[in-house]
Amino acid sequence: RLLESGADIIATQENAIKSKVALTGYAISINKSAKTTYYRPSLFDVQATGWITLNTPRAKFATWTRFRQKATGLEFLFVDAHLTSGSGATYDAWRAEETEILKAGVARANTSNLTVIWAGDWNSNSARATDSPAIALEQIGALDATGLTEVRTNASYNSAISTYPTPRIKDDHVDKV
């Protein structure tokens with residue numbers, strides 16, 4: 001399915017086997033704590049990589065890659081985060097804390113003030129009482145991609161498939177910012 005997407009860069013989270021799965025035509029820029037960023041080496045060079053520890057009770061991590069587009073020389077930062085799941089005020093507060101730590105870590109890594117692409121499993125959606133990641137990222141002008149595109153494929157499928165044999169469908173529950 002990933003290859004069918006045609007994406008030039010792919011961010012994964014919750015890799016069940018926590019290993020680097022080979023995808024034809026892609027290389028891996030970084031793999032950390034079940035998060036892998038794949039990219040097309042024919043289109044991009046990797047300039048730097050790193051990870052950010054989101055110091056919370058859930059010990060979550062985020063990764064980043066500084067890419068350079070070969071055709072144009074354009075550089076940008078690509079972030080892959082996985083925030084704490086769960087409903088309720090405690091989980092909302094943890095996600096808020098994780099997002100603030102992530103923003104600070106990305107600011108430290110982004111010394112050239114490059115455009116940042118925020119990818120990942122944010123456990124952020126309109127069903128939350130407080131959508132902490134969306135609020136925090138809106139404060140820095142990050143745009144919600146789900147609201148920017150007219151055509152979406154499988155946008156109503158919940159990404160939590162490891163515990164369900166069939167993906168759950170909910171209109172308000174795509175993991176997004």
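Quantities reported herein were computed from a predicted structural model and do not represent experimental measurements.
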Interatomic distance, [X] atom [atom1] to [Y] atom [atom2] [nearest 0.5 angstrom]:
X    : Y    : atom1 : atom2 : value
R108 : N110 : CZ    : CG    : 12.0 Å
T53  : F61  : OG1   : CZ    : 4.5 Å
L23  : Y38  : CG    : OH    : 5.0 Å
T63  : W51  : OG1   : CH2   : 10.5 Å
R66  : D45  : CZ    : CG    : 12.5 Å
F67  : I117 : CZ    : CD1   : 9.0 Å

Within-4.5 Å side-chain heavy-atom neighbours: [X] and [Y]:
X    : Y    : answer
Y26  : R40  : yes
F76  : I9   : yes
W118 : L137 : yes
P133 : I135 : no

Kindly work out whether a path of hydrophobic side-chain contacts (I/L/V/M/F/W/Y, heavy atoms less than 4.5 Å apart) joins [X] to [Y].
X    : Y    : value
L77  : I140 : yes
V46  : I10  : no
L114 : V116 : no
W122 : I101 : yes
V106 : L83  : yes

Minimum heavy-atom separation for [X] to [Y], with atom names?
X    : Y    : answer
A81  : L102 : CB-CD2, 3.8 Å
S29  : T49  : O-CG2, 3.4 Å
I30  : G50  : CD1-O, 3.2 Å
Q139 : E100 : OE1-OE2, 4.1 Å
T12  : D80  : O-OD2, 3.0 Å

Examine distances only and state if a side-chain atom of [X] and a backbone atom of [Y] form a donor-acceptor pair shorter than 3.5 Å.
X   : Y   : value
T37 : A11 : no
K35 : S33 : yes
Q69 : L43 : no
K32 : I52 : no

* To do: Before giving the answer on side-chain hydrogen bond (donor to acceptor under 3.5 Å, both in side chains), spell out for N123 and S85 the whole-Å C-alpha distance, their side-chain angles and the decisive distance to 0.1 Å.
  => CA-CA 6 Å; N123 286 297; S85 64; 4.8 Å; no
* To do: Go through F44 and Y39 one step at a time and tell me if the ring pair (Phe, Tyr, Trp, His ring centres under 6.0 Å) criterion holds.
  => CA-CA 7 Å; F44 303 99; Y39 71 101; 7.1 Å; no
* Asked: Is R95 salt-bridged to E98, cutoff N-O under 4.0 Å?
  ->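 Answer for the salt bridge query: no.
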* Go through S112 and E75 one step at a time and tell me if the side-chain hydrogen bond (donor to acceptor under 3.5 Å, both in side chains) criterion holds. => CA-CA 9 Å; S112 299; E75 292 189 12; 5.8 Å; no
* **Full working for side-chain hydrogen bond (donor to acceptor under 3.5 Å, both in side chains) between D92 and S132** => CA-CA 6 Å; D92 290 336; S132 306; 4.8 Å; no
